[in-house]
S.K.: 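My questions will all concern the structure given below.
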Amino acid sequence: MEEIKNYINGTLAAPVTDHYLDNIEPATGKVYSKLPDSGADDVAQAVAAARQATAAWAAMPAEARAAIMTKIAGLIDRDREALARAESIDNGKPIALARTVDIPRAAANFRFYAAAIINASTAAHVSPDKGVNYTVREPVGIAGCISPWNLPLYLFTWKIAPALAAGNCVVAKPSEITPMTAFLLSRLCIEAGLPPGVLNIVHGLGPKVGQAIVAHPDIPAISFTGGTATGRHIATVAAPMFKKLSLELGGKNPNIIFADSNFEEALATTLRSSFANQGQICLCGSRIYVQQAIYATFLAAFTDKVKAMQVGDPLAEATQTGAVVSEAHMQKVLSYIKLATAEGGKIEAGGHQVKVEGRCANGYFIQPTLITGLDETCRTNQEEIFGPVVTVQPFETEEEVIALANSTNYGLSATVWTENLQRGHRVAAALKAGIVWVNCWLVRDLRTPFGGMKQSGVGREGGEEALNFFTEAKNICIKV
Ligand code: NAD
């Protein structure tokens with residue numbers, strides 16, 4: 001059985017205690033690899049390696065750093081099929097999704113930030129007869145990057161790439177639930193010639209490894225993506241140490257469909273935005289609001305499509321819905337379906353665990369589930385479920401749906417469907433969400449600031465924002 005290793009100081013290393021955890025394949029329920037059960041001692045080794053490497057990496061010309069990052073991107077492209085398979089096994093997501101979304105995006109993250117650092121500029125301001133102010137940006141030193149299980153390599157590299165490009169060394173922790181692609185990345189970094197200590201990957205549990213990264217006094221910046229409760233805890237550790245903190249947290253995103261929308265496009269995309277990756281994308285729309293005039297027609301067409309979705313082995317090409325990530329997560333999602341019924345909801349489609357035949361007989365599969373009859377105040381519509389479960393509610397007016405959409409503590413993303421251009425702008429402006437899609441979903445330009453409002457997080461990733469986060473701005477003024 002494969003033993004995942006930490007990546008510290010340029011080599012693959014066993015954890016200090018030599019203790020390993022089980023890595024379970026969600027589609028089969030079977031242990032298929034082991035991962036290091038690392039702790040504070042492993043993090044201390046990673047920080048020591050990073051400290052050694054910092055000066056040379058920061059002093060390396062941006063073009064040279066970019067060349068190594070571009071090489072890593074090329075190796076990810078080369079190994080796309082193997083990485084997609086590994087991610088599908090590790091996470092339970094359909095292999096077609098890993099092949100077309102997760103892995104290409106991981107390569108794009110390295111390539112994008114390699115180009116960005118070469119093109120980065122800083123400002124100069126001239127005060128006539130007084131002085132010239134110019135700004136320089138210095139790397140923070142060592143960055144701590146902690147990521148979740150839902151888009152394992154995609155989100156892991158989304159943090160690591162800008163941190164490295166900006167001249168930092170990194171101590172990173174992938175989710176213990178999906179560690180495999182981060183391990184494969186460490187091999188690619190060695191092959192690409194990334195200098196030892198520049199990137200260190202420590203595997204293990206959040207309260208041990210993650211906590212040690214957040215609390216380490218030599219790591220001045222923490223970039224975290226995960227649940228709101230974990231983010232809140234991390235803030236209590238990092239804030240008194242005055243660390244830079246970027247928190248990308250949970251969501252409960254509204255998907256608003258006006259009667260004047262392009263019905264077929266709204267229908268097809270809503271199927272994706274509800275159930276892609278088993279609904280385990282922080283940007284999935286889980287509260288669907290449909291204007292009364294088309295509510296019955298939309299609900300009937302949507303229910304048919306949801307019932308027809310193919311649930312099955314993530315490694316099968318035709319599968320649309322794979323396994324949810326773990327047994328514990330499956331039980332959590334099923335408990336929310338039970339809660340929805342107790343709150344008076346009507347299950348229009350799905351609602352149950354699915355038994356898949358063959359090698360996946362003991363896997364964690366849930367039918368795509370559609371629930372109606374719940375108002376915005378109930379827990380089902382307020383709490384993040386993070387699974388293949390959506391609610392559908394009718395609305396009458398624009399004002400009403402804006403209030404409904406803004407009625408949770410979250411504010412990550414929102415989707416609006418309308419053919420009325422002015423309404424599209426107006427509603428998008430009124431929604432409390434970090435990203436609003438009008439007549440599309442999950443279209444991402446890596447240059448744009450990305451992040452949530454309210455309890456969906458603080459700080460912004462993407463483009464220049466990430467390079468700024470991983471650097472300190474210094475202003476120098478010269479008298480003229
Ligand atoms: P999680 O908060 O349980 O874990 C995320 C990471 O934090 C893991 O690596 C975990 O080991 C680590 N961790 C746990 N406890 C820690 C601690 N005390 N100190 C430091 N690190 C700790 O989240 P999850 O279940 O892996 O991911 C799902 C959540 O992530 C959902 O809420 C989802 O909405 C959110 N998410 C948000 C975004 C975004 O961009 N806003 C993107 C993807 C996922």
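Just follow the structure's listing: the first ligand is 1, and inside any ligand the first atom is 1.
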S.K.: Evaluating non-hydrogen atoms only, which member of Ile146, Thr225, Leu283, Asn253 is closest to atom 5 (C) of ligand 1?
M.R.: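 Nearest option to atom 5 (C) of ligand 1, by heavy atoms: Thr225.
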S.K.: Indicate yes or no: does an N/O atom of Thr228 lie under 3.5 Å from an N/O atom of ligand 1?
M.R.: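 Thr228 vs ligand 1: no N/O contact under 3.5 Å.
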S.K.: Below 3.5 angstrom, do we get any N/O pair linking Leu205 and ligand 1?
M.R.: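 Between Leu205 and ligand 1 (N or O atoms, distance only) the closest approach is not under 3.5 Å.
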S.K.: Can you check whether Asn150 has an N/O within less than 3.5 Å of an N/O in ligand 1?
M.R.: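 By distance alone, the answer is no.
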S.K.: Could you tell me the residue and atom name of the protein heavy atom closest to atom 9 (O) of ligand 1, and the distance to it rounded to 0.1 Å?
M.R.: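 Residue, atom and distance for the closest contact: Ser147 O, 2.8 Å.
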S.K.: To check you understand the geometry: which heavy-atom pair defines the closest contact between His329 and Trp149, and what is its length?
M.R.: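 That closest heavy-atom pairing would be NE2-CH2, 3.8 Å.
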S.K.: May I ask which of Glu384, Glu248, Gln211, Arg232 has a heavy atom nearer to atom 19 (N) of ligand 1 than the others do?
M.R.: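 Checking each option, the heavy atom nearest atom 19 (N) of ligand 1 is found in Gln211.
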S.K.: For atom 15 (N) of ligand 1, what's the nearest protein heavy-atom neighbour? Residue, atom name and distance, please.
M.R.: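 Protein heavy atom at minimum distance: Thr230 CG2, 3.4 Å.
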S.K.: Which heavy-atom pair separates Tyr364 from Gly29 by the least distance, and what is that distance?
M.R.: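 The pair with the smallest heavy-atom distance is OH-CA, 3.4 Å.
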S.K.: Can you find a side-chain donor-acceptor pair between Thr380 and Glu343 that sits under 3.5 Å?
M.R.: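 There is such a pair (donor and acceptor under 3.5 Å, judged by atom type) between the side chains of Thr380 and Glu343.
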S.K.: Nearest 0.5 Å please: distance from the OH atom of Tyr7 over to the CG atom of Leu12.
M.R.: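 It comes to 8.0 Å.
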S.K.: At under 4.0 Å between heavy atoms, is it the side chain or the backbone of Leu412 that contacts ligand 1, or both, or neither?
M.R.: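 For Leu412, only side-chain atoms sit under 4.0 Å from ligand 1.
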S.K.: Which of parallel (below 30°), tilted (30 to 60°) and perpendicular (above 60°) describes Phe183 and His203?
M.R.: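 Geometry flag for His203 against Phe183: perpendicular rings.
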S.K.: Does an N or O from Val214, backbone or side chain, lie closer than 3.5 Å to an N or O of ligand 1?
M.R.: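 No, Val214 has no N/O under 3.5 Å of an N/O on ligand 1.
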S.K.: Does at least one non-hydrogen atom of Gly457 fall below 4.0 angstrom from an atom of ligand 1?
M.R.: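 Gly457 does not count as a contact of ligand 1 under the 4.0 Å cut-off.
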S.K.: Hey, is ligand 1 close enough to Phe450 that some N/O pair sits below 3.5 Å?
M.R.: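 No; the residue has no nitrogen or oxygen that sits under 3.5 Å from a nitrogen or oxygen of the ligand.
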